[in-house]
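To start, the structure itself, in structure tokens.
Chain naming here is simple, since letters A, B, ... match the order of the sequence lines and numbering starts at 1 in each.
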2 protein chains.
Amino acid sequence: MAAYPDLSDRQERILAFIREFTGEYGYPPSIRQIGSDVGISSTSVVSYNLNILQRKGYLTRTREVSRGVRLVEEESTSEQSLIPMMGYIAAGDPLPIADGDFAQGEGEQVAVPKELVGDAEGVYALQVRGTSMIDALIADGDLVILRHQQQAQNGDMVAAWLVEEKAMTLKHLYWERNRTLVCLQPANPTLEPIFVHPSKLEIQGRVIGVIRQL
Amino acid sequence: MAAYPDLSDRQERILAFIREFTGEYGYPPSIRQIGSDVGISSTSVVSYNLNILQRKGYLTRTREVSRGVRLVEEESTSEQSLIPMMGYIAAGDPLPIADGDFAQGEGEQVAVPKELVGDAEGVYALQVRGTSMIDALIADGDLVILRHQQQAQNGDMVAAWLVEEKAMTLKHLYWERNRTLVCLQPANPTLEPIFVHPSKLEIQGRVIGVIRQL
DNA sequence: AGTATAGCTGAACAAATGTTCTATGTCAAG
DNA sequence: CTTGACATAGAACATTTGTTCAGCTATACT
């Protein structure tokens, strides 16, 4: 089991139970529920141990609030964002319409680490179909996290629509010759870049992250 | 705002408030807290609307349990696991020692979508240094999620130490010639596989996911 | 008009839940 | 042995909090 040198067995069990319970039900357990699981008959003893756990920094309590217990580990690291899954991306198809409404609507959502997205405004996820993005180090099945935007800065990895080729591509973008030429550089440096005129390119968004499940 | 065609303004606000509150405090709001925020004077009306939201599938209630409200979106997608960040991985170095104790101890942790890891037992994360894994579609700075194990099945992407080359590598593993030869296949099919004898290979773990932040 | 029905109010109620207090047992230090 | 810190039990208590119900106000339907 976990090694908490400064905690008693009971306190470890309490911690573990709160973690499980909260995960399962979405709200924290009451003092009596904790006691019943850990095997403590008296509510005061549970409260007593919770206070110790709070003092030692493992959790936070809110006085006189039912189920007012929160694990500290959750406070710090559990931050994540829910972003909408907008569908698929493949070389031949344009991006699914990413219209203005990104609020937590219907449809599927994915949870991603908050550090990955920062502000979740205009962020969405697409699943890659096919190996056409392999030169961007993106495999079949990968989840790409995009922020909807038309502009891009030098070096940004962008999702772009190549008008003439009628193809969607993910590449690093660089402006050349005073913005009259665009260089699309594969992430894999052994591959050759593409040069196109800005008018033949429609930037659909910026890639801010990739998640691959194997 | 969010578009919930089948919900009243109040119901949308209730939903939003529960989301905010739970995010901020770690436990759901009480009926009276909801009412006070949304501007409902009567607890029965809050309960009334909560029941509607439940019937329409936006949340779950547990009868007679204080703060027994849970958003359905959380149930399905918000689950995540905390896994320890064990350091770096580079072509030249062996893996940091992954000893037995994986419980949520000290050190840094990363939050990853639960679907990515499944059971978090023996799972840890390493950050990639350098471009040596590029043939596994893994870039400099990527976070690889590993499950500690010595064995591997055909097709698994494994983290393996090449004894003779003194190098760490991430590749798909295939057994050949009745397990007397190992084929290490790069994820990028345009690259050539490597063949080594099993004794020259130490499997350190299986790659179960990759997270890239751009 | 008559009458459902949805949405709401306010108050009373009961159950769930945190707090407090007294008492008991243990164990190590003085 | 005594003392005191610590951990626990049990019970009484006070709050918080969910539930129920009678009644009110619109709007829509017959």
Side-chain angles (χ1 to χ4, degrees), chain A residues 1 4-22 24-72 74, chain B residues 1 4-22 24-72 74:
Chain A
M1 256 314 281
Y4 296 87
D6 55 338
L7 294 187
S8 71
D9 275 9
R10 263 194 176 173
Q11 285 155 7
E12 279 193 31
R13 290 191 57 188
I14 290 177
L15 230 42
F17 177 66
I18 296 176
R19 208 174 295 130
E20 284 170 40
F21 189 101
T22 311
E24 177 161 10
Y25 295 101
Y27 48 83
S30 71
I31 282 192
R32 281 173 181 79
Q33 283 171 323
I34 298 175
S36 146
D37 179 274
V38 181
I40 300 179
S41 64
S42 175
T43 58
S44 62
V45 177
V46 177
S47 178
Y48 170 74
N49 281 291
L50 286 179
N51 287 331
I52 295 180
L53 286 168
Q54 175 168 38
R55 175 157 42 81
K56 295 193 176 172
Y58 289 92
L59 48 80
T60 315
R61 296 190 76 188
T62 313
R63 273 186 60 91
E64 311 203 338
V65 164
S66 65
R67 301 168 191 274
V69 200
R70 161 176 232 185
L71 296 181
V72 168
E74 283 196 352
Chain B
M1 258 309 284
Y4 296 89
D6 55 338
L7 293 186
S8 71
D9 275 9
R10 265 194 175 174
Q11 285 156 6
E12 279 194 30
R13 289 192 56 189
I14 290 177
L15 231 42
F17 178 66
I18 296 176
R19 207 173 297 132
E20 285 170 40
F21 189 100
T22 310
E24 178 160 9
Y25 296 102
Y27 48 84
S30 70
I31 283 192
R32 282 171 179 80
Q33 284 172 324
I34 297 174
S36 144
D37 180 274
V38 181
I40 300 179
S41 64
S42 175
T43 58
S44 63
V45 176
V46 178
S47 179
Y48 170 73
N49 281 292
L50 286 180
N51 286 332
I52 294 179
L53 287 168
Q54 175 170 36
R55 175 157 41 81
K56 296 194 175 170
Y58 290 92
L59 48 80
T60 316
R61 294 191 77 187
T62 314
R63 272 188 60 90
E64 310 201 336
V65 164
S66 64
R67 303 169 190 275
V69 199
R70 161 174 233 186
L71 297 180
V72 168
E74 283 196 353

Under-4.0 Å side-chain N/O to phosphate OP1/OP2 contact, [X] with [N]:
{"X": "Ser66(A)", "N": "dG18(C)", "answer": "no"}
{"X": "Arg67(B)", "N": "dA16(C)", "answer": "no"}
{"X": "Ser47(B)", "N": "dT19(D)", "answer": "yes"}
{"X": "Arg63(B)", "N": "dA14(C)", "answer": "no"}
{"X": "Ser42(A)", "N": "dG10(D)", "answer": "no"}

Indicate yes or no for a side-chain donor-acceptor contact from [X] to the backbone of [Y] under 3.5 Å, with no hydrogens or angles considered.
{"X": "Asn49(A)", "Y": "Val45(A)", "answer": "yes"}
{"X": "Arg13(A)", "Y": "Asp37(A)", "answer": "yes"}
{"X": "Arg67(A)", "Y": "Ser66(B)", "answer": "yes"}

For a quick check of understanding: with a heavy-atom distance under 4.0 Å over all strands, which category does Ser30(B) fall into, base, sugar-phosphate or nothing?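 Result for Ser30(B) = sugar-phosphate.
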
Any base atoms under 4.0 Å from Ser8(A), or only sugar-phosphate, or nothing? Heavy atoms, all strands. nothing

May I have the distance from [X] (atom [atom1]) to [N] (atom [atom2]), rounded to whole angstrom?
{"X": "Asp6(B)", "N": "dG7(C)", "atom1": "CG", "atom2": "P", "answer": "12 Å"}
{"X": "Gln54(B)", "N": "dT19(D)", "atom1": "CD", "atom2": "P", "answer": "10 Å"}
{"X": "Arg32(A)", "N": "dT16(D)", "atom1": "CZ", "atom2": "P", "answer": "15 Å"}
{"X": "Asn51(B)", "N": "dA6(C)", "atom1": "CG", "atom2": "C1'", "answer": "14 Å"}
{"X": "Tyr27(B)", "N": "dG18(C)", "atom1": "OH", "atom2": "P", "answer": "11 Å"}
{"X": "Ile52(A)", "N": "dC6(D)", "atom1": "CD1", "atom2": "C1'", "answer": "8 Å"}
{"X": "Ile31(A)", "N": "dG18(C)", "atom1": "CD1", "atom2": "C1'", "answer": "5 Å"}

Between the side chains of Ser47(A) and Arg61(A), does any donor sit under 3.5 Å from an acceptor? yes

Contact nearer the 5' end of DNA chain C, comparing Gln33(A) with Ser44(B): Ser44(B)

Closest to the 5' end of DNA chain C, once Thr43(B) and Val65(B) are matched to their nearest nucleotides, is Thr43(B)

Does a distance-only test, which skips hydrogens and angles, find a donor-acceptor pair under 3.5 Å between the side chain of Arg10(B) and the base of dG7(C)? no

Note, Ile40(A) side chain near Ile34(A) side chain (heavy atom, < 4.5 Å): no

